[in-house]
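First comes the structure, then the notes that go with it.
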2 protein chains.
Amino acid sequence: MTESELYDPARFPAFAVTVDLVVLTVRDSRLSALLIRRGEEPYAGRTALPGGFVRPAESLGQAARRELAEETGLADLPVHLEQLATYGTVDRDPRMRVVSVAYLALAPDLPAPTAGGDAADAHWVAVADVLPELFPAAQNRAEGHPPFAFDHARILADGVERARAKLEYTPLAAAFCPPEFTVGELRRVYEAVWGVTLDPRNFHRKVTGTPGYVRPAGGTTTRQGGRPAQLFTRGDVTLLNPPMLRPA
Amino acid sequence: MTESELYDPARFPAFAVTVDLVVLTVRDSRLSALLIRRGEEPYAGRTALPGGFVRPAESLGQAARRELAEETGLADLPVHLEQLATYGTVDRDPRMRVVSVAYLALAPDLPAPTAGGDAADAHWVAVADVLPELFPAAQNRAEGHPPFAFDHARILADGVERARAKLEYTPLAAAFCPPEFTVGELRRVYEAVWGVTLDPRNFHRKVTGTPGYVRPAGGTTTRQGGRPAQLFTRGDVTLLNPPMLRPA
DNA sequence: GTAATAGTGTCTCTAAGACAATATGAA
DNA sequence: TTCATATTGTCTTAGAGACACTATTAC
């Protein structure tokens with residue numbers, strides 16, 4: 001029996017629990033995150049991830065979904081949402097002991113967050129502009145973004161790395177695309193998230209040759225210019241075999 | 001500004017935060033977990049993961065290390081420790097609202113936990129005996145283990161799956177081995193964790209051909225019987241390239 | 001000798017990557 | 001026409017998996 005287990009259940013050490021959201025999308029061929037500008041102390045004016053306290057009657061996942069709906073102003077979004085990691089160093093919030101459970105959300109290019117409510121200060125920011133070290137190949141026009149509050153730079157970096165890894169082994173790249181998409185659009189997702197360029201010919205052969213990844217939708221589109229491209233929908237596999245490998 | 005953010009910092013919703021440990025090792029060529037038998041309500045008599053409350057002055061990782069040292073009776077163990085996931089459904093503990101951060105620890109075959117203190121009720125159990133569905137290939141002699149408390153069966157299953165995945169892309173299999181080990185011993189780790197049998201010849205070629213995975217230690221041993229085997233130590237890479245692939 | 005494990009070699013096949021060539025729309 | 005993107009094809013090479021064979025100990 002540990003010392004800590006001798007606590008009376010009514011006198012356990014009390015923590016605040018929050019959820020923070022790493023919401024990623026691809027806009028204009030750039031990996032972008034939904035970020036807010038903090039309006040109050042601590043870290044007033046700093047860049048931060050959307051999030052908030054978990055309520056007593058909701059699970060962690062429910063809290064993440066609720067915050068996501070509040071921040072984007074839309075409900076029932078077709079977004080992928082998964083738990084990322086939990087951050088609980090002693091001094092991460094100067095006000096009190098806070099443990100934050102981070103969630104990763106992947107979304108197709110959404111309309112700009114609606115004004116009003118929480119979303120007033122939320123906006124899409126290219127990750128390369130706030131965390132240039134994650135995109136060593138790009139020329140980083142560092143724009144005037146305030147530094148991050150709390151440990152949110154680290155959380156965002158962890159979310160990007162998780163997304164990069166998941167694109168290899170799962171069909172999650174399609175979560176960044178509308179319901180019907182072309183092979184070229186899917187390739188631009190990989191290029192934006194990984195920060196690389198891929199050979200369009202090998203990529204095409206690979207995607208269409210991986211069983212269950214994409215299914216022909218029947219039509220074509222010219223929304224990307226050039227020769228009309230076939231439209232596809234997501235297939236039914238949850239694990240890619242063979243995987244899509246990141247260039248070394 | 002959400003309703004929840006209007007809380008006065010001194011009146012935030014209070015949660016209890018615990019850490020639970022999935023401690024895995026390989027004993028007698030079987031993947032085994034360190035489990036305890038609960039002595040008190042709720043779930044008295046049930047099987048559970050070791051763990052306990054996070055203290056106000058320690059980080060999550062520090063709490064995990066402390067609990068690990070308390071449960072195994074040894075400090076400064078050469079174990080790999082990483083955060084697994086966080087579990088926070090509303091009713092997972094009937095006493096109060098508890099959020100549990102699970103950690104995964106991988107250890108070489110340790111001495112049996114020392115009697116006295118916390119470790120009194122801790123013992124190694126083959127995972128195939130308590131979660132036979134994770135080892136469909138084995139004939140499962142279901143021994144008389146009490147069912148799991150809380151959601152600990154799920155946490156253990158998640159930990160095993162994490163370990164299985166990490167063996168593919170990282171050199172973590174060596175974390176189950178003593179400082180010097182043979183290729184055959186490393187292969188038996190893969191076989192025990194994945195629940196498969198591997199071709200010793202292809203495995204040998206693969207491990208010794210992956211740059212930085214293992215480094216010759218100079219000596220040989222016959223502790224496994226048969227022809228003397230070369231001893232190796234862990235190499236310096238953190239990511240295997242090419243990866244060790246699980247058989248389909 | 002036999003049994004057991006270690007280690008090497010060889011073959012086949014899948015798939016990754018480089019890159020030529022063709023197809024089909026828009027301006 | 002030119003330009004941009006899509007799609008097919010071909011070649012080379014790395015590596016996974018099957019499996020024959022040899023090596024070195026204990027008994």
Side-chain angles (χ1 to χ4, degrees), chain A residues 26 28-29 167-169 177 180-192 194 196-233 237 239-248, chain B residues 28-29 167-169 173 177 180-192 194 196-233 237 239-248:
Chain A
V26 174
D28 304 322
S29 296
L167 288 206
E168 292 196 270
Y169 308 108
C177 295
E180 295 198 342
F181 53 90
T182 71
V183 174
E185 289 165 349
L186 193 62
R187 175 171 49 81
R188 278 179 275 277
V189 167
Y190 277 91
E191 293 177 331
W194 284 349
V196 299
T197 61
L198 299 173
D199 185 291
R201 301 158 294 184
N202 291 336
F203 183 88
H204 188 284
R205 181 161 40 80
K206 181 128 206 224
V207 166
T208 55
T210 299
Y213 192 175
V214 296
R215 185 164 31 201
T220 63
T221 182
T222 59
R223 61 187 172 216
Q224 300 291 341
R227 168 177 167 180
Q230 279 186 264
L231 286 167
F232 293 85
T233 60
V237 296
L239 229 52
L240 297 183
N241 196 342
M244 310 288 297
L245 292 181
R246 264 189 276 192
Chain B
D28 303 323
S29 296
L167 255 50
E168 293 197 90
Y169 308 110
C177 295
E180 296 198 341
F181 53 89
T182 71
V183 175
E185 288 164 351
L186 192 62
R187 175 171 49 83
R188 278 178 275 277
V189 167
Y190 278 91
E191 292 177 331
W194 285 348
V196 299
T197 61
L198 300 173
D199 185 290
R201 300 157 295 183
N202 290 337
F203 184 88
H204 188 282
R205 182 161 38 81
K206 181 125 205 225
V207 165
T208 55
T210 299
Y213 192 175
V214 295
R215 186 165 30 202
T220 62
T221 182
T222 59
R223 61 187 172 217
Q224 300 291 338
R227 168 176 167 179
Q230 280 186 262
L231 286 167
F232 293 86
T233 60
V237 296
L239 230 52
L240 297 183
N241 195 342
M244 310 288 296
L245 292 180
R246 262 189 278 192

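Chain naming here is simple, since letters A, B, ... match the order of the sequence lines and numbering starts at 1 in each. Since the model is a prediction, treat every value here as computed from it, not as a measurement.
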Kindly indicate, with the supporting measurements, whether the criterion side-chain contact (heavy atoms from CB on, under 4.5 Å) is fulfilled by R188(B) and V183(B).
-> CA-CA 9 Å; R188(B) 278 178 275 277; V183(B) 175; over 6 Å; no

Could you walk me through whether W194(A) and E168(A) pass the side-chain contact (heavy atoms from CB on, under 4.5 Å) test, one step at a time?
-> CA-CA 10 Å; W194(A) 284 349; E168(A) 292 196 270; 3.6 Å; yes

So L231(A) and T182(A), side-chain contact (heavy atoms from CB on, under 4.5 Å) or not? Walk me through it.
-> CA-CA 5 Å; L231(A) 286 167; T182(A) 71; 4.0 Å; yes

Given Y213(A) and K206(A), is the side-chain contact (heavy atoms from CB on, under 4.5 Å) satisfied, shown in steps?
-> CA-CA 10 Å; Y213(A) 192 175; K206(A) 181 128 206 224; over 6 Å; no

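The separation between K206(B) atom NZ and dG17(D) atom C1' is 10 Å, rounded to whole Å. Spacing between atom CZ of F203(B) and atom C1' of dG15(D) amounts to 16 Å, rounded to whole angstrom units. Distance CD (E191(A)) to P (dT5(D)): 11 Å, rounded to an integer number of Å. For the pair H204(A) NE2 and dT7(D) C1', the computed distance is 5 Å after rounding to whole Å.
Of the residues in residues 215-229 of chain A, those placing a heavy atom less than 4.0 Å from an atom of DNA chain C are G226(A), R227(A), P228(A), in numerical order. Residues from residues 240-248 of chain B placing a heavy atom under 4.0 Å of any atom in DNA chain C do not occur.
The shortest side-chain heavy-atom distance between E191(A) and S29(A) does not fall under the 4.5 Å cut-off. Taking 4.5 Å as the limit, every side-chain heavy atom of L239(B) sits out of range of all side-chain heavy atoms of N241(B). Side-chain contact check for L186(A) versus V207(A): some heavy-atom pair is nearer than 4.5 Å. R223(A) is listed as a side-chain neighbour of E185(A), based on a closest heavy-atom distance under 4.5 Å. P228(B) places none of its side-chain heavy atoms less than 4.5 Å from the side chain of T221(B).
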Polar atom pairs (N or O), protein with nucleotides 9-14 of chain D, under 3.5 Å:
none

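Scanning DNA chain C 5' to 3' for nucleotides with an atom closer than 4.0 angstrom to a non-hydrogen atom of chain A gives a first and last hit of dA16(C) to dG25(C).
Under the rule for a salt bridge (Lys or Arg N to Asp or Glu O under 4.0 Å), E180(B) has no partner lying at least two apart in sequence or in another chain.
A rotation axis mapping the C1' atoms of four pairs onto the next four is fitted at both ends of the helix from dG1(C)-dC27(D) to dA27(C)-dT1(D) over five pairs, and the angle between these axes is 0° to 10 degrees.
Here the closest heavy-atom approach between residue A173(B) and residue V189(B) is recorded as O-CG1, 3.8 Å. Taking both residues in full, the closest heavy atoms of Q230(B) and P216(B) are given as NE2-CB, 4.4 Å, listed atom of the first, atom of the second, then distance. Nearest approach of H204(A) to T208(A), heavy atoms of both residues: O-OG1, 2.7 Å. Listed here is the closest heavy atom pair of P211(A) and V237(A): O-CG1, 3.6 Å.
For an aromatic pair to be called close, the ring centres must be under 6.0 Å apart, and Y190(B) with F203(B) satisfies this.
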